Amino acid sequence: MLSTPSRTELSQRTISDEIADRQALERDAAASAGRGLEAHPRRDFAPYRSTVLRHPTHELVRADPEEIELVSPAFGHTDVAAEENDLTIQHAGEPLGERIIVTGRVLDGDGRPVRNQLVEIWQANASGRYVHKRDQHPAPLDPNFTGVGRIITGDDGSYRLTTIKPGAYPWKNHRNAWRPAHIHFSFFGSAFTQRLITQMYFPGDPLFALDPIYQSIVDPAARERLVAAYDHDVSEPEWAIGYRWDVVLTGPRSTWTEPEDGDHA
């Protein structure tokens, strides 16, 4: 009898074949039903091994929003300071890596700006390592980079942050599994129960086709909405490369957001 291979034995070819098979299945099901592809990923997407045994199988439990706000954690204990949108000035020295600017707008499904929105970000450093005790990637920590920041959107829904381009990192989903470079974004809405989390990627990343998290979104257009665009007008001479990434919170062109129980790899 053949044994089930461990994650470290699973090859990229196996995972890539599973991705192709599942996406073909989703395309066929959508065509048969006369509908478009789902913009949100399947929670039981098998190539993403971490979800197989612990993805939710029941409806979410409804809770009183006011009660949750009494006990939910808060990111930071003070008002958001203007300098928190610059992750390169939080320590005495300059962080290592490629300095970048990321800007864009937060919009609702009708294209209206979402103003005064708390946006939180977190990311790996230029070597692909998080400042987190569970990150065992043997890449160096940067004493001048923590990788977290906060922003409040303006009246036009705009945000702007300065940071370092994160590196790709291994995540042990299978042998030689690497996550594309990305930045995590959280949008808090007007209450804790409205919080949405997603990831922004960088254009042209060769790891896109190999990543079961990115590929769990079976609609190519929905995947593309997670990728920032290089914008030369945002780049600043002799200083930083610029990217633009708009986020749509609702409607058919909404940006994919992570489920509440996601592990945000």
Side-chain angles (χ1 to χ4, degrees), residues 39-40 65 68-69 72-90 95 99-125 130-132 145-166 180-203 213 217 222 224-231 233-236 240-251 253-260 262-265:
H40 288 251
I68 288 176
E69 290 193 25
S72 294
F75 187 94
H77 302 282
T78 60
D79 291 341
V80 177
E83 59 269 22
E84 290 186 65
N85 71 348
D86 189 342
L87 282 66
T88 68
I89 61 172
Q90 296 175 349
R99 185 185 294 110
I100 62 172
I101 298 166
V102 181
T103 188
R105 300 176 70 200
V106 181
L107 306 168
D108 67 15
D110 295 320
R112 296 173 298 196
V114 180
R115 58 180 59 87
N116 298 325
Q117 174 75 202
L118 172 60
V119 181
E120 300 169 340
I121 68 161
W122 61 98
Q123 64 169 92
N125 65 20
Y130 290 93
V131 181
H132 191 286
F145 191 76
T146 303
V148 297
R150 300 190 300 177
I151 318 152
I152 299 291
T153 59
D155 287 342
D156 60 353
S158 65
Y159 71 90
R160 179 185 173 94
L161 65 97
T162 303
T163 183
I164 296 297
K165 185 175 181 180
H182 60 275
I183 299 176
H184 296 269
F185 277 72
S186 161
F187 305 92
F188 248 108
S190 58
F192 281 110
T193 52
Q194 298 173 359
R195 187 187 189 198
L196 301 176
I197 298 174
T198 187
Q199 300 177 15
M200 186 208 85
Y201 296 87
F202 294 86
I213 293 182
I217 305 167
E224 189 64 26
R225 291 198 289 274
L226 293 178
V227 182
Y230 171 71
D231 190 331
D233 290 333
V234 176
S235 294
E236 295 195 6
I241 291 290
Y243 295 92
R244 186 173 295 281
W245 190 56
D246 293 338
V247 176
V248 181
L249 298 180
T250 59
R253 293 190 57 78
S254 62
T255 304
W256 172 74
T257 54
E258 294 176 356
E260 292 184 356
D263 64 0
H264 319 312

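Note that the numbering runs from 1 along the sequence shown for the chain. Just so you know, these numbers come straight off a predicted model, no measurement behind them.
Between Tyr130 and His184, the ring planes lie tilted relative to each other; the angle falls in the 30° to 60° range.
When atom types are taken as modelled, the side chain of Gln90 and the backbone of Gly149 share no donor-acceptor pair closer than 3.5 angstrom. Put simply, the side chain of Thr153 gets close to the backbone of Gln117: a donor and an acceptor are under 3.5 Å apart. Counting only distance, with no hydrogens or angles, the side chain of Thr198 and the backbone of Leu226 share no donor-acceptor pair below 3.5 Å. Although no hydrogens or angles enter the test, the distance criterion places no donor-acceptor pair under 3.5 Å between the side chain of Ser158 and the main chain of Arg105.
No side-chain heavy atom of Arg160 sits less than 4.5 Å from a side-chain heavy atom of Ile151.
Checked against a 6.0 Å centroid threshold, the rings of Tyr159 and Phe185 count as neighbours.
Between Pro113 and Gly157, the shortest heavy-atom distance links the atoms CB-N, 3.6 Å. Among all heavy-atom pairs drawn from Ser235 and Gly242, the shortest one is OG-N, 2.8 Å. When all heavy atoms of His182 and Gln199 are compared, the closest pair comes out as CD2-OE1, 3.5 Å. Shown here for Ala124 and Pro166, the closest heavy-atom pair between the two residues is O-CB, 3.4 Å. Nearest approach of Ala39 to Ala222, heavy atoms of both residues: O-CB, 3.6 Å. The minimum heavy-atom distance between Glu84 and Asp79, with the atom names listed, is OE2-O, 3.7 Å.
The distance from the CG atom of Asp233 to the OG1 atom of Thr103 is 12.0 Å, given to the nearest 0.5 Å. The CD1 atom of Ile100 lies 10.5 Å from the OG1 atom of Thr88; values are rounded to the nearest 0.5 Å. Between the CD1 atom of Ile121 and the CG atom of Leu161 there is a distance of 4.5 Å, given to the nearest 0.5 Å. Here the straight-line distance linking atom CE of Met200 with atom CD of Gln123 works out to 8.5 Å at 0.5 Å rounding. Considering CG of Leu87 and OG1 of Thr146, their distance stands at 8.0 Å, rounded to 0.5 Å. In this structure, CD1 in Ile152 is found 13.5 Å from CZ in Arg115, a value given to the nearest 0.5 Å.
By the 4.0 Å N-to-carboxylate-O rule, Glu236 lies too far from Arg99 to be salt-bridged with it.
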**Message:** Could you go through Val131 and Phe145, starting from their C-alpha distance and side-chain angles, then the distance that decides it, and tell me whether this counts as side chain to side chain contact (heavy atoms under 4.5 Å, CB included)?
**Reply:** CA-CA 9 Å; Val131 181; Phe145 191 76; over 6 Å; no
**Request:** Take Leu249 and Val106, measure what side chain to side chain contact (heavy atoms under 4.5 Å, CB included) needs, and give me the verdict at the end.
**Result:** CA-CA 7 Å; Leu249 298 180; Val106 181; 3.8 Å; yes
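With respect to Phe202, the ring pair (Phe, Tyr, Trp, His ring centres under 6.0 Å) criterion is satisfied by exactly one of Tyr243, Tyr230, Trp245: Tyr243.
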